[in-house]
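First up is the structure itself, then whatever we jot down about it.
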2 protein chains.
Amino acid sequence: MSTKLSFRQKVHLAREDAIVTAVKRLLADKGFDLMTVDEVAAEVGIAKASLYKHFPSKEALAAAAMVQVMDSALAESARLQADAGLDAGARLREITRWTLRTQLAGEMPTLPSENSSLRAALLAHEGYMTRLMDLSDRLGEWIVQAQADGTIDPALPPEVVLYTVFARACDPVVGFLKAGGRHDDAAIVEHVMRSCFGGLQTRPPSAA
Amino acid sequence: MSTKLSFRQKVHLAREDAIVTAVKRLLADKGFDLMTVDEVAAEVGIAKASLYKHFPSKEALAAAAMVQVMDSALAESARLQADAGLDAGARLREITRWTLRTQLAGEMPTLPSENSSLRAALLAHEGYMTRLMDLSDRLGEWIVQAQADGTIDPALPPEVVLYTVFARACDPVVGFLKAGGRHDDAAIVEHVMRSCFGGLQTRPPSAA
DNA sequence: GTCTATAATAAGATAGAC
DNA sequence: GTCTATCTTATTATAGAC
């Protein structure tokens with residue numbers, strides 16, 4: 001890969017980045033089905049036909065946004081991996097916290113529900129699937145390690161833990177609490193973290 | 001209310017019930033936005049125009065389905081309330097279990113996401129809102145009682161517990177595990193129950 | 001590559017006969 | 001109340017000039 005880019009190419013990439021940023025925000029706000037390409041064009045400030053010169057379809061638009069989110073998540077996971085002061089359990093908690101903060105910031109596109117034209121497009125999108133598997137592998141290692149360490153319940157199958165962490169990205173509890181207006185963002189994150197990792201039941205005073 | 005119904009009225013109600021049943025299934029399967037009125041008509045086996053003689057809009061169709069689900073949930077909560085062998089914590093666990101079983105059976109319509117024409121229709125639907133508030137009140141009493149009993153973590157605000165229980169109705173973990181095919185329905189329910197009430201962290205051997 | 005204008009299609013809703 | 005046929009609107013996508 002050359003790092004030397006012509007002015008034209010830089011402008012091109014900057015525009016595509018502006019488009020993807022708008023798509024991310026709209027996806028987080030309304031979801032794929034309710035987001036219209038007209039809205040995206042309006043938010044970016046260009047004509048709809050110009051959008052289609054950059055991305056061939058609405059699905060490709062959304063996939064590009066999902067790839068960018070995956071890259072953010074992978075970057076965050078790399079930071080946590082590099083932090084030698086954290087054990088596997090702490091890394092899992094911190095990536096979950098990052099997920100909740102990202103959702104609260106309105107930057108977490110809602111994942112595709114089971115039946116959606118987006119779902120098929122994402123499954124066929126090589127870049128997205130590679131990143132999803134990389135992230136799953138890294139979190140999977142943390143989970144197995146944390147279960148060996150005794151910080152994550154070994155009675156839960158690892159995929160249950162993985163899906164539960166992933167699901168925080170679209171946890172409706174976050175939105176409900178935000179809409180209620182009785183808690184600030186930090187409190188919402190801590191409440192959801194406590195219910196997720198500690199459970200709803202009362203915990204006996206921990207030996208640890 | 002008279003219990004005496006003419007034959008015509010009975011046929012009318014039976015048809016409306018068939019419609020609502022189809023809508024419930026399609027809502028659980030595809031969600032509101034992806035469900036089309038044509039599909040509903042096809043599944044019931046009548047013409048679309050006939051549907052509109054029974055329900056004035058797609059939103060009214062979905063609202064009728066949501067009311068029926070709420071009635072099921074209220075009936076289940078009444079059964080649990082009447083069971084003197086259960087304390088508040090056990091009732092909360094059992095209503096959550098019922099929610100998960102209903103979702104696995106394909107009978108739990110997905111709740112409206114934040115931005116949807118359905119959301120506004122439901123907020124304006126008196127029958128739905130009354131039932132939602134009745135159910136929230138009953139679960140709210142259970143939560144406060146369970147926190148006083150020490151079976152639910154008193155550090156969590158009651159509304160966090162309430163929303164967390166409600167959110168099991170659309171927990172994507174259930175669908176992921178089902179799609180994975182490595183667990184039967186009963187195992188899925190138990191894994192999600194354990195992660196929800198016990199938390200992802202290892203629990204020290206309980207004193208209780 | 002950007003624009004305006006325009007297909008092409010899908011889906012909610014209705015008209016009018018029976 | 002049920003049907004067929006149709007209207008209306010919203011939305012994805014493209015044509016063609018510059």
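A note on names: the letters A, B, ... follow the listed sequences, proteins ahead of strands, and every chain is numbered from 1. Side chains included, hydrogens not; waters and symmetry mates left out as well; all remaining heavy atoms used. Predicted model only: the values in this text are computed from it and were never measured.
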Checklist entry - Would you say the side chain of B/Ile143 lies within less than 4.5 Å of the side chain of B/Leu92, judging by non-hydrogen atoms? => result yes
Item to check | A/Ala47 side-chain proximity, nearest of C/dG12, C/dT4, C/dG1 | outcome: C/dT4
Checklist entry - Judged by atom type as modelled, is there a donor-acceptor pair below 3.5 Å linking the side chain of A/Gln9 to the main-chain atoms of A/Ser6? => result yes
Checklist entry - If only atom types and distance count, is the side chain of A/Glu39 paired as donor or acceptor with the main-chain N or O of A/Thr36 below 3.5 Å? => result yes
Write down the distance between [atom1] ([X]) and [atom2] ([N]), rounded to a whole number of angstrom.
| X | N | atom1 | atom2 | result |
| --- | --- | --- | --- | --- |
| B/Ile46 | D/dG1 | CD1 | P | 12 Å |
| A/Leu51 | C/dG1 | CG | C1' | 12 Å |
| B/Phe55 | C/dG12 | CZ | P | 16 Å |
| A/Asp33 | D/dA10 | CG | P | 18 Å |
| A/Asp38 | D/dT9 | CG | P | 17 Å |
| B/Phe7 | D/dG1 | CZ | C1' | 14 Å |

Next on the checklist: I'd like to check the side chain to side chain contact (heavy atoms under 4.5 Å, CB included) partners of A/Leu13; sequence neighbours left out, ordered by chain and number.
Outcome noted: A/Leu5
Checklist entry - Sequence neighbours excluded, which residues qualify as ring pair (Phe, Tyr, Trp, His ring centres under 6.0 Å) partners of B/His54? => result B/His12
Next on the checklist: Check the orientation of B/Tyr163 and A/Phe176. Use parallel for under 30°, tilted for 30 to 60°, and perpendicular for over 60°.
Outcome noted: tilted
Item to check | Test side chain to side chain donor-acceptor pair (under 3.5 Å) applied to A/Arg168 - qualifying residues, sequence neighbours left out | outcome: A/Asp171
Checklist outcome for this item: For A/Lys48, the side chain to side chain donor-acceptor pair (under 3.5 Å) test, sequence neighbours excluded, returns A/Asp38
Item to check | Closest contact, heavy atoms only, A/Val40 versus A/Met35 | outcome: CG2-SD, 3.9 Å
Checklist entry - What one-letter contact string describes nucleotides 13-18 of chain D from 5' to 3', where B marks a base within less than 4.0 Å of any protein heavy atom, S marks contact via sugar-phosphate atoms alone, and - marks no contact? => result BBB---
Item to check | Within residues 14-25 of chain B: residues closer than 4.0 Å to DNA chain C (heavy atoms) | outcome: none
Checklist entry - Is B/Ser50 near enough to D/dC3 that one of its side-chain N or O atoms lies under 4.0 angstrom from OP1 or OP2? => result yes
Next on the checklist: Taking 4.0 Å as the cut-off, does a side-chain nitrogen or oxygen of A/His54 come that near to OP1 or OP2 on C/dG1?
Outcome noted: no
